[in-house]
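None of the values given here were measured: they were computed from a predicted structure. Just follow the structure's listing: the first ligand is 1, and inside any ligand the first atom is 1. Hydrogens, waters and symmetry mates are skipped; everything else that's a heavy atom, side chains included, is used.
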Amino acid sequence: MKKILLTIGLTTALALAGCSNDSSDQVENGETSYSEAVDHTIIGIEPGAGISVTTEKAIEEYESLSGWTVELSSTAAMAAELDKAMENEEPIIITGWNPHWTFAKYPDMKYLEDTKGVYGDVEEIKTIARKGLEEEKPEAFKLLDQFNWEVEDMEWIMYESKESGDDIAAVAEQWVADNQSKVDEWLEGVNDVDGVEIELVSTPWDSERASANVVKYAMEQKGFKVTVTPVDVAVVFESIANGDGDASLAPWMPITHKDFYESYQNDFIDLGANLEGAKIGLVVPAYMEIDSIEDLEAK
Ligand code: PBE
């Protein structure tokens with residue numbers, strides 16, 4: 001079996017025969033492979049995230065990732081590592097996704113090709129509701145069912161919040177004020193209510209805080225009283241399934257939250273996509289001369 005060793009900078013790639021596991025064999029003339037330079041480590045995010053679970057699957061599936069670890073801590077820690085690497089033009093491999101501000105701040109980032117399709121192709125973000133919501137709070141159900149927006153809308157809120165330092169909720173409120181014609185489409189045919197309470201269950205990422213807050217402000221225009229509760233992914237599904245929460249705009253499918261979705265799928269109502277064109281995967285800076293997960297080397 002032949003293995004391609006990728007080298008930093010302009011040095012030529014060395015083709016090594018055999019499949020040695022001793023990484024010191026693979027470094028010659030002071031050249032270090034990207035895989036060694038990043039210490040066979042992918043910089044991940046929170047342990048409960050779908051993308052973290054999916055990355056653990058990728059490590060199992062790809063021979064090129066054998067012996068690798070995914071460092072799980074937080075999105076903020078990942079972003080700090082990314083900033084540091086970009087500043088020094090150092091190699092880094094992160095778990096990345098769209099919509100996210102990363103790609104607005106660093107347009108020179110690329111997804112590594114995923115030949116085995118572990119991360120899927122295109123993801124959508126779904127709206128789910130508890131059973132009984134349609135009968136008990138039909139106006140809320142109708143509005144939630146009509147909510148949908150674009151990657152660019154969500155990304156604008158995330159980036160604006162990042163740049164201005166204003167909380168996502170405040171920027172979401174601003175977005176609603178600036179985009180009333182879009183909001184009106186979600187409100188179409190929805191009758192006013194008098195303080196009907198709705199609990200939206202969300203994940204803690206900016207993307208879902210953005211959608212939950214945008215819908216909250218839209219619903220308030222019709223007289224709803226809306227609470228947004230950020231919880232772990234697992235709790236999102238559990239609370240909609242057991243009826244503690246009314247609805248969620250946070251599930252990413254068909255890959256990211258597949259395991260959770262499938263274990264609860266008989267216990268909630270799927271209202272379809274509220275955003276299409278999302279994506280998850282392994283992401284690297286464009287200055288790294290690799291294109292595919294298969295270009296990495298086992299430890
Ligand atoms: N994310 C953002 C989440 C869903 C939204 C991709 C980081 C996840 O992996 O679960």
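In terms of the side-chain hydrogen bond (donor to acceptor under 3.5 Å, both in side chains) criterion, residue partners of E155 (sequence neighbours excluded) are, by chain and number, N98.
Stacking of K116 on the aromatic ring of Y62 is recorded, both the 6.0 Å distance cut-off and the 45° axial limit being met.
At least one heavy atom of I45 sits closer than 4.0 Å to an atom of ligand 1. Distances shorter than 4.0 angstrom occur between a heavy atom of H257 and an atom of ligand 1.
By the 3.5 Å distance cut-off applied to N or O atoms, G50 is counted among the residues near ligand 1.
Considering only non-hydrogen protein atoms, atom 6 (C) of ligand 1 sits nearest to W97 CG, 3.7 Å. Closest to atom 9 (O) of ligand 1, if we only count protein heavy atoms, is I51 N, 2.8 Å.
Surrounding NZ of K105 are more than 12 heavy atoms belonging to other residues, nucleotides or ligands, all under 6.0 Å away. The number of heavy-atom neighbours closer than 6.0 Å to CD of E135, taken from other residues, nucleotides and ligands shown, is above 12.
Among pairs with a residue in residues 50-60, those fulfilling side chain to side chain donor-acceptor pair (under 3.5 Å) read T55-Y119, K57-D259, at least two apart in sequence or across chains.
L112 is not listed as a side-chain neighbour of D114, based on a closest heavy-atom distance of 4.5 Å or more.
For ligand 1, the atoms closer than 4.0 angstrom to any heavy atom of A49 are 8 (C), 9 (O), 10 (O). Per-residue contacts place T256 under 4.0 angstrom from the following atoms of ligand 1 (heavy atoms of the residue considered): 8 (C), 9 (O), 10 (O).
Under 4.0 Å from ligand 1, not a single heavy atom of T75 appears.
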